[in-house]
Protein chains: 2
Amino acid sequence: MNDGSSNTAKPPPADCGGHNGSFSIVSWNVNSVKSRLAHLSDYLTRFSPDVVFLQEIKTETESFPYPEIESLGWTATVKGQKSYNGVAVLTKKKPVLVADALDIDDGGQARYLETELDGRRFICVYVPNGEPPASDPSSKERLIYKEKWLDALNGRIRKLVADGVDFVLGGDFNVIEFDSDVYDPAAFKGSAFTVQEIRSRFKALYFNGLTDALREKSPRSPLYTYWDYRFSAWEKNHGIFLDRLFLSPYFADRLTAADVDAGFRALEKASDHAPVRCVFDLSSAPEDVNE
Amino acid sequence: MNDGSSNTAKPPPADCGGHNGSFSIVSWNVNSVKSRLAHLSDYLTRFSPDVVFLQEIKTETESFPYPEIESLGWTATVKGQKSYNGVAVLTKKKPVLVADALDIDDGGQARYLETELDGRRFICVYVPNGEPPASDPSSKERLIYKEKWLDALNGRIRKLVADGVDFVLGGDFNVIEFDSDVYDPAAFKGSAFTVQEIRSRFKALYFNGLTDALREKSPRSPLYTYWDYRFSAWEKNHGIFLDRLFLSPYFADRLTAADVDAGFRALEKASDHAPVRCVFDLSSAPEDVNE
DNA sequence: GTCACAAACG
DNA sequence: CGTTTGTGAC
């Protein structure tokens, strides 16, 4: 069984929220921001993250619960869509909206949001799932879309790196990088989460010099961020590592901690994803700079 | 505006629940017993009624929430149906199921439940609405069904009275007896709630010597038990008196109180009907017996 | 299993 | 407005 005790949500350390140079960023696939408003408000109040990436808000931009989020002290930059997908970036100061889509012809699916604040980019992504619909299990259409989407993301990231931009790229990547990232690798063999066409495009992100914050710092093993609602997946700890925080070198050098707040998956009416968080010390030059 | 303050739910008097001969019966159209389980549990715990008539439980007999009701100390006798209608009688001791339908050919709509306990009958009814469907506003089919149903009910009641059976007949009668029983009589003129064919059949119940407990004892004026979910009907007190408790002479002679618990209509996620209650003193012979 | 949505009903 | 049912998604 899984009670999430090793990662149950707890009060923030005193240096959270930007004091003393501490800076924290969270990514959370909330599976409907309206249904998750109580949990999200609770998270914001307790951890006071500086930047929050939300995926699957499942509402249109105009219907985002701005009043509730703003009353807690955050401003929301939103790319919404009816029923499906939808991403948002919450920040304490109003950012510049750099882009609300990748350069891809996908009928305007709300999966990408790039914001800039104090010269840094905060990029929220919801990578396509890629599995065929139940009505047409042999269709490759969604897989091809996922491949194209990851190609476009790699193109964008390559450009930011080339331009020397400091950024954090977080979200639900819908990729199982290693067999050890899923409770039952055999069950996902050949799926859009594991096939070579997808894994290779995912790994290309690293070639741009990015660091996976959770892989770097989280003590959790196995490192899961998603547990299906069905089949008692949470109780059996049948999870998958899907949610990621990728750091450009500037942020990677200043990373102090990263973890999965699995306690939020244990709550009543939880999202099927837990929030993932990374913490930075932005107050001083990193240790290795002086070596 | 309507805050229900004159009838807000309050703790029961010390003699509730069968102590000292006090005996109480409630009728409540819950509009889905599953959706109303919290309110119903609250009601049962606070008022401890001896008999409860539920209408519009909107679930099949097997899907009734027996565990929750039984854990509170009641046994449920249920005539359920998928999606629509459905009636139940809750009692503290297991009753005999006398009938779960009237003698009428209606495709088995779950609208009638007659139980016997300690030689008394407790009869729960959900009278057909009778209004035509929106798709065919001139259809008389449902009105005719309502007429037939009330005829069958009258036949049944006549027989019980003739047999000298003591009983309480409670439920949602879907009849506006007098123009003063509705906030806007003009709006219901010619409707299946008020037309002569229905009112005359409804009034025939009285000819069997029954007493309307609420009309007899409730201080409420106007006496409403239903407020539409739409058009802010509750806030404007645009109500209708639809839910009734009819008493055979034995019960009428021992009636001590009857009222509408409108406070339950004021709650969040309320049913559109309030529970109606009558209280008896069954410990001694009634006053007028010795006169 | 938990979402969102669209009908139908009252 | 607030139920139920059905569909589709993940």
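Heavy-atom basis, side chains included; hydrogens, waters and symmetry copies ignored. Below, chains carry the letters A, B, ... as their sequence lines are ordered, and counting in each starts from 1.
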Gap between atoms [atom1] and [atom2], on [X] and [N] respectively (whole Å):
X	N	atom1	atom2	result
B:D172	C:dG10	CG	P	12 Å
B:F193	C:dG10	CZ	C1'	8 Å
B:Y229	C:dG10	OH	P	14 Å
B:I176	C:dG10	CD1	P	16 Å
A:W227	C:dT2	CH2	P	16 Å
A:K269	C:dG1	NZ	C1'	12 Å
A:Y226	C:dT2	OH	P	12 Å
A:N85	C:dC5	CG	C1'	15 Å

**Message:** Applying a 4.0 Å non-hydrogen cut-off, can you work out what A:F231 is touching in the nucleic acid: base, sugar-phosphate, or nothing?
**Reply:** nothing
Any carboxylate oxygen within less than 4.0 angstrom of a Lys/Arg side-chain nitrogen, looking at [X] and [Y]?
X	Y	answer
A:R220	A:D259	no
A:R265	A:D272	no
A:E197	A:K146	no

**Prompt:** Of B:S135 and A:V33, whose nearest nucleotide on DNA chain C comes first from the 5' end?
**Reply:**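 Between the two, 5'-proximity favours A:V33.
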**5' precedence on DNA chain C between A:K58 and B:N129 (nearest-nucleotide basis)** = A:K58
**Message:** My understanding is that only residues two or more places apart in sequence, or in another chain, count here; which of them pass salt bridge (Lys or Arg N to Asp or Glu O under 4.0 Å) with B:K79?
**Reply:** B:D100
**Message:** If you take the centroid of each ring, where Trp contributes its six-membered ring, are B:Y226 and B:F193 closer together than 6.0 Å?
**Reply:**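 So the answer is no for these two rings.
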**Asked** Has B:R142 got a side-chain N or O lying under 4.0 Å from the OP1 or OP2 atom of C:dG10?
**Response**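 Answer yes for this pair, as a side-chain N or O of B:R142 is under 4.0 Å from OP1 or OP2.
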**Asked** Distance check: side-chain N/O of A:R36 vs OP1/OP2 of C:dT2, anything under 4.0 Å?
**Response** no
**Nearest-nucleotide pick for A:S83, side chain only, options being C:dC5, D:dT3, C:dG10** =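 Of the options given, the side chain of A:S83 lies nearest C:dC5.
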**Message:** Let's see if you can work this out: which of C:dA4, D:dA9, D:dT5 has an atom nearest to the side-chain heavy atoms of A:S35?
**Reply:** C:dA4
